[in-house]
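This report concerns only the one structure given below.
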2 protein chains.
Amino acid sequence: MSLPTDIRKTREGSFGWMLQRLARRVEARLADRLQALDLNILQFAIMMTVLERPAQTQAAIGQGFDVPAYAISRALDGLEARGLVERRMAAASRRSFEVHVTAAGQALAPQLRAIVQEVNAGVTQSLTAAETDHLLELMARLLADTE
Amino acid sequence: MSLPTDIRKTREGSFGWMLQRLARRVEARLADRLQALDLNILQFAIMMTVLERPAQTQAAIGQGFDVPAYAISRALDGLEARGLVERRMAAASRRSFEVHVTAAGQALAPQLRAIVQEVNAGVTQSLTAAETDHLLELMARLLADTE
DNA sequence: TATTGTTATACTCTATAACTATA
DNA sequence: TATAGTTATAGAGTATAACAATA
């Protein structure tokens, strides 16, 4: 059973609002933790996606999280200068690069994963495991269904 | 009963990620709708909070959603120039202003509320009312409990 | 001495489009 | 002619701190 319409309307009205506030909070914590590693959030996102699936082209990475090509390009410049990733010529096409994680990048991976765990656990700590699972499921459906 | 630990860990790992993606999506839609009214998101947020509770000082508005004073100041410049709000000298202190919505601002309110409804409904359309309620409740608890 | 609000300034992020080289 | 990636440039957004007025 749902709440009365007018109350639901009011609460619905705050959905985007709550989402923004939660997202800002998570982002601030993440950025704070990444600062110690001298990584920004985009570089972190790229590291995570390339660790998960190596040899992606820059275009594929950009499409993975709606970031324009030029931003990927610059973020990679930083990561490559620090020796965490490297661009290799793609086998399929000489105008593409495959992005690979270096040994130094692999060495950093455990710290990156630990940060993910800690930030997520910190934000969801007041929910039970079952509640967190449900929340994740609902969010996953929203992401999958809407566009 | 919860999922096996390793799977939960992996899914937990994506909580912040899903949150970011959802928030970005909502923000993009909102910004898109607000463009027609020539309002940015901060100006919109200020309008909504002042409509809900008039006569707030700028400091109070800023604390309401973690926006620094200078940003409130500039956003109000724009809103005031367009005649949507006005700064009145506060009764309590001559160094504060109370922010009030003008008649023109009130006239805009229904459109603003309609945008909120539509954006939220659009994003949550794939959930039942009960599921949306639950999602809102879980998010509200996260916001309330964490800090 | 602390607070409210404004402003100047610099810095970062983002967006646009021009550019090279491939296909 | 279209694509992958880079780069230059401009614009928006954000942060820092200095400032005036008031408490």
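Everything numeric here is computed off the predicted structure, so don't read it as measured data. Protein chains get the first letters and strands the later ones, always in sequence-line order, with residue 1 at the start of each.
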Between [atom1] of [X] and [atom2] of [Y], what distance do you get to the nearest 0.5 Å?
X: B/R141; Y: A/M18; atom1: CZ; atom2: CE; answer: 12.5 Å
X: A/Q106; Y: A/H100; atom1: CD; atom2: NE2; answer: 11.5 Å
X: B/I72; Y: B/L42; atom1: CD1; atom2: CG; answer: 5.0 Å

Check [X] against [Y] and note the closest heavy-atom contact, atom names and distance.
X: A/L19; Y: B/M139; result: N-CE, 3.3 Å
X: A/L142; Y: B/V123; result: CD2-O, 3.2 Å
X: A/N120; Y: B/S14; result: ND2-N, 4.3 Å
X: B/M48; Y: B/V116; result: CE-CG2, 4.0 Å

Sorted by number, the residues of residues 53-65 of chain A with heavy-atom contact under 4.0 Å to DNA chain C: none
Contacting residues from residues 38-48 of chain A, given that a heavy atom lies under 4.0 angstrom of DNA chain C: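 Listed by number, there are none.
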Residue whose closest nucleotide on DNA chain C lies nearer the 5' end, B/A71 versus B/S96: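 Counting from the 5' end, the first nearest nucleotide belongs to B/S96.
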DNA chain D: 5'-most and 3'-most nucleotides touching chain B, 4.0 angstrom heavy-atom criterion: D/dT14 to D/dA23
Residue mapping more 5' on DNA chain D - nearest nucleotide basis, B/A92 or A/R87: A/R87
Rounded distance (Å) that lies between atom P of C/dT14 and atom CZ of A/R74: 11 Å
Length of the CD1-C1' vector between B/I72 and C/dT4, whole Å: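 After rounding, the gap between these two atoms is 13 Å.
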Qualifying residue for side chain to side chain contact (heavy atoms under 4.5 Å, CB included) with B/I46, from B/I41, B/L76, B/L51: B/L76
Same apolar cluster (I L V M F W Y, side chains within < 4.5 Å links), A/V67/A/L34: yes
Donor-acceptor contact present, side-chain A/Q56 to main-chain A/T49, <3.5 Å: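 Side chain of A/Q56 to backbone of A/T49: a pair is present.
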Side-chain donor/acceptor of B/T124 to backbone N/O of B/L127, under 3.5 Å: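 No, B/T124 side chain to B/L127 backbone: no donor-acceptor pair under 3.5 Å.
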Pairs satisfying salt bridge (charged side-chain N to carboxylate O under 4.0 Å, His left out), at least one member in residues 78-91 of chain B, at least two apart: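 Qualifying pairs, neighbours excluded: B/D77-B/R87, B/E80-B/R87, B/E86-B/R88.
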Any N/O pairs under 3.5 Å between the protein and nucleotides 20-22 of chain C? List them or say none.
unit_1 : atom_1 : unit_2 : atom_2 : d
C/dT22 : O2     : A/R95  : NH1    : 2.9

Touch class at under 4.0 angstrom, heavy-atom based, for B/Y70 against every strand present: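 Answer is base: heavy atoms of B/Y70 come under 4.0 Å of a base.
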Ring pair (Phe, Tyr, Trp, His ring centres under 6.0 Å): pairs with one or both residues in residues 46-87 of chain A, sequence neighbours excluded: A/F65-B/W17
